[in-house]
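Structure record follows, encoded as structure tokens.
Side-chain atoms are counted along with the backbone in the values below, which use heavy atoms only and exclude waters and symmetry mates. Computed from a predicted structure; not experimentally measured. Per chain, numbering begins at 1; letters A, B, ... match sequence-line order.
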Protein chains: 2
Amino acid sequence: MATIRDVAKRAGVSVSTASLALNGRPLVSEETRRRVLQAARELDYHPNAVAKSLADGRTRVLALFIPVTLEHLFSSAGFFGGLLKGMHRAALQRGYHLSLHVVESEEETAERVRTIVRSKRSDGLIITNPTVHPPYLGELRRAAIPVVFVGRPEESDFPYVDNDNVEVGRLGARQLAAAGHKRIAFLNGPNRFTFSRDRLEGYRRGLLEYGLPFDEDLVWSSDLTEEHAYSTVVAALASGLAFSAIFCASDIQAVGALRALRGHGLSVPENVAVLAVNNTALTRYYQPPIATIDLHEEKLGYLSVEMLLRQIEGGVSAAAGADWQARVPSSLVIRESCGCAPEDPERNPGEGGESG
Amino acid sequence: MATIRDVAKRAGVSVSTASLALNGRPLVSEETRRRVLQAARELDYHPNAVAKSLADGRTRVLALFIPVTLEHLFSSAGFFGGLLKGMHRAALQRGYHLSLHVVESEEETAERVRTIVRSKRSDGLIITNPTVHPPYLGELRRAAIPVVFVGRPEESDFPYVDNDNVEVGRLGARQLAAAGHKRIAFLNGPNRFTFSRDRLEGYRRGLLEYGLPFDEDLVWSSDLTEEHAYSTVVAALASGLAFSAIFCASDIQAVGALRALRGHGLSVPENVAVLAVNNTALTRYYQPPIATIDLHEEKLGYLSVEMLLRQIEGGVSAAAGADWQARVPSSLVIRESCGCAPEDPERNPGEGGESG
DNA sequence: CCCCGAAATCGAACCGGTTCGATTCGCGGC
DNA sequence: GCCGCGAATCGAACCGGTTCGATTTCGGGG
């Protein structure tokens with residue numbers, strides 16, 4: 001395989017001139033550049049990426065961390081697929097590559113982050129689905145390496161892209177309230193995720209805006225699995241709680257909820273309306289089709305890479321207190337399970353407030 | 001950041017000795033090794049992966065190609081998720097990393113393969129879901145780089161891991177035939193994939209073994225999408241063809257088929273039995289739960305990496321005519337939609353043959 | 001006591017690029 | 001005709017490891 005020295009020799013110039021010419025730098029005469037490029041073409045020369053990295057200290061590799069408990073991988077496969085597509089598109093456009101790091105716990109994330117940072121295997125990190133207080137924040141800060149989170153760790157000034165999950169919660173609650181439901185249950189995700197906390201806050205606000213009381217008994221939390229969601233709803237039904245709608249934090253939980261309701265002789269949407277979040281393929285094809293909130297994960301992925309590259313190419317490290325953030329809007333996807341038309345955007349539900 | 005020269009200096013030895021000591025090579029006295037390791041620890045030294053790659057010519061990166069048409073990404077998200085998990089596990093164990101290359105067409109694959117090979121960005125390639133005659137085989141052969149396919153390209157001596165898709169087809173046909181069905185339709189995938197051809201062959205054999213005639217009219221082909229499967233089955237129903245079971249090449253197609261059947265007033269499994277392939281989350285939670293064939297994709301992923309590493313570390317290139325292959329067995333997952341118990345493994349269906 | 005060979009260590013070259021400081025070249029101005 | 005300057009080119013150092021051939025050290029045998 002031809003190296004730059006071969007090219008230089010054939011073009012009759014020095015190695016340094018060849019390098020300048022090949023990289024389109026100024027200070028090379030047109031005639032020389034032409035000769036160098038010609039030689040490169042003739043020798044089928046292609047620069048060695050590793051040598052380049054060593055020389056200029058840039059790997060052009062972005063490390064992507066995806067957490068998987070097995071059930072999570074399956075339940076969110078569609079979500080991660082979309083995320084990935086967006087990231088890949090953004091990276092490719094700018095000549096970057098993605099390396100993939102599947103991790104099963106935050107401790108493992110911490111460990112792998114450490115080895116990657118130390119061995120200088122990538123120019124920056126993208127960490128998806130952080131919990132509220134990830135254990136590796138100190139490590140990241142010390143390393144002073146560009147990072148972007150997909151999802152928001154609490155009380156950290158690291159850059160992140162995320163949906164506005166308060167808005168997601170609010171959207172869901174309002175949609176069901178607008179359809180006339182007075183007792184709307186919220187089957188939330190685990191509390192260790194920031195998105196769960198944010199959505200709960202949004203749910204609360206949405207109810208308030210429609211003058212509905214916030215009832216703690218109607219807020220349930222379950223893992224992001226069908227099984228756990230099922231048993232949670234079964235328990236709620238057994239306790240005799242009254243409600244006419246369930247807002248679920250993920251599609252897979254909605255499926256569990258639907259099974260529980262059916263098992264209890266309740267039909268959807270006639271007896272209970274159901275609204276989910278994620279818009280994975282599942283919901284479109286389910287019977288009944290499940291209304292859900294689309295998080296536009298491909299956009300999320302695209303923006304995360306863009307933000308990371310801004311840091312890398314701007315020479316700014318995430319630890320430098322760059323508190324950039326991007327919020328991706330989410331949108332309702334109305335389907336049969338919620339038994340309702342989209343909330344009329346014109347409608348003003350009233351004053352809300354404590355008096356509700 | 002400390003380099004190996006810093007370590008050598010602090011330990012009072014030459015750089016070369018430090019390198020030997022750090023890599024656990026023989027020919028270094030115990031005393032010296034101790035001192036070097038001690039120095040490394042004190043300086044918090046971690047070798048630079050890029051420098052290492054340049055020096056020894058090994059990147060320790062495996063390039064993974066995943067094709068995505070958008071619909072495919074969604075319909076097979078579970079499948080790729082499992083594949084990925086297996087690959088990652090195998091790679092991690094041996095100190096390798098995965099780089100991810102999402103491609104939308106075989107032409108794009110060809111192009112990206114070329115740039116990766118040329119820039120020496122990875123030690124080997126894993127290419128998933130090749131078509132029957134991928135356009136980049138020549139490129140691969142010329143590059144003489146280790147490659148493993150996940151899925152079998154026809155008439156190529158490149159190494160691959162795959163399910164035994166003839167067996168998958170046979171399994172499906174036999175299962176339905178054993179339940180007493182005489183007219184079993186096969187909603188196959190696109191003919192450009194080797195797995196489609198193999199499954200068709202298996203389906204034919206399965207029927208034969210039960211003495212059932214092979215009827216071309218009962219073999220339909222559709223894209224791996226819900227929509228296309230739906231319209232294909234709708235057309236079949238409209239044509240008045242008689243059949244009492246459908247064997248679908250993927251879960252997502254089964255969902256489309258179910259919708260078409262329901263729309264035609266047929267219920268599953270009472271009027272028509274349905275059996276699918278893939279065992280994605282979808283099938284478990286669908287109503288009715290969909291019987292399917294599990295392809296054990298995690299194992300497929302694990303084996304593909306193992307096979308690739310065997311080539312890399314054995315110094316054998318895929319183009320050297322190494323016709324290794326691994327077949328991963330598949331297993332039936334019986335659920336309501338097929339309206340039947342597992343085929344009795346004891347049962348011998350008879351002589352089969354033309355006379356059936 | 002000297003020589004020889006094996007073990008331990010070292011120095012230098014190398015991997016394939018980039019970059020910086022020095023050098024050469026051509027040209028205009030005085 | 002000489003000086004100075006900017007443009008073009010060059011040589012060498014550098015990135016941070018590995019490896020190979022040469023050199024030193026040490027112990028044992030003659």
(message) Categorize A:T3 for me: base, sugar-phosphate, or nothing, with a 4.0 angstrom heavy-atom threshold over every strand shown.
(response) sugar-phosphate
(message) Taking any heavy-atom pair under 4.0 Å as a contact, classify B:R25: base, sugar-phosphate, or nothing.
(response) sugar-phosphate
(request) Determine the minimum heavy-atom distance between A:L308 and A:G124, stating which atoms define it. (result) CD2-C, 3.9 Å
(request) Without swapping roles, check the side chain of A:S53 against the backbone of A:R58 for a donor-acceptor pair under 3.5 Å. (result) yes
(request) Can you measure from CD1 (A:I116) to CZ (A:R114) and round to the nearest 0.5 angstrom? (result) 12.0 Å
(request) Give a yes or no answer on whether the side chain of A:E106 reaches the backbone of A:P130 with a donor-acceptor pair at less than 3.5 Å. (result) no
(message) Taking the basic N atoms (NZ, or NE/NH1/NH2) and the acidic carboxylate oxygens, is any pair closer than 4.0 Å for A:E31 and A:R35?
(response) yes
(message) Is it the case that the side chains of A:R41 and A:Q38 hold a donor-acceptor pair, with the cut-off being a distance below 3.5 Å and no angle test?
(response) yes
(request) Walking along DNA chain C from 5' to 3', note the first and the last nucleotide with an atom under 4.0 Å from a heavy atom of chain B, and give both. (result) C:dA8 to C:dG16
(request) Tell me which of B:E30 and A:L22 sits closer to the 5' end of DNA chain C, going by the nucleotide each one is nearest to. (result) B:E30
(message) I need the B:D6 CG to B:L43 CG distance, nearest 0.5 Å.
(response) 6.5 Å
(request) Return yes if a side-chain donor-acceptor contact under 3.5 Å exists between A:R327 and A:Y160, otherwise no. (result) yes
(request) Answer with base, sugar-phosphate or nothing: what part of the nucleic acid does A:S19 contact at a heavy-atom distance below 4.0 Å? (result) base
(message) Can you pull out the residues from residues 47-60 of chain B that lie within a 4.0 Å heavy-atom distance of DNA chain C?
(response) B:L54, B:A55
(message) Nearest heavy atom decides the nucleotide; on that basis, is A:R5 or A:K120 closer to the 5' end of DNA chain D?
(response) A:R5
(message) Less than 3.5 Å apart, any donor N or O on the side chain of A:S99 or A:H101 sitting next to an acceptor on the other?
(response) yes
(request) Starting at CH2 of B:W324, measure out to CG of B:L303 and round the result to the nearest 0.5 Å. (result) 14.0 Å
(message) Angle between the two end axes of the helix from C:dC1-D:dG30 to C:dC30-D:dG1, five base pairs per end, rounded to 10 degrees?
(response) 70°
(request) Let me know, please, whether B:N23 or A:P26 comes out on the 5' side of the other along DNA chain D by nearest nucleotide. (result) A:P26
(message) I need the minimum non-hydrogen distance between B:P146 and B:D123, along with the two atoms involved.
(response) CD-O, 3.4 Å
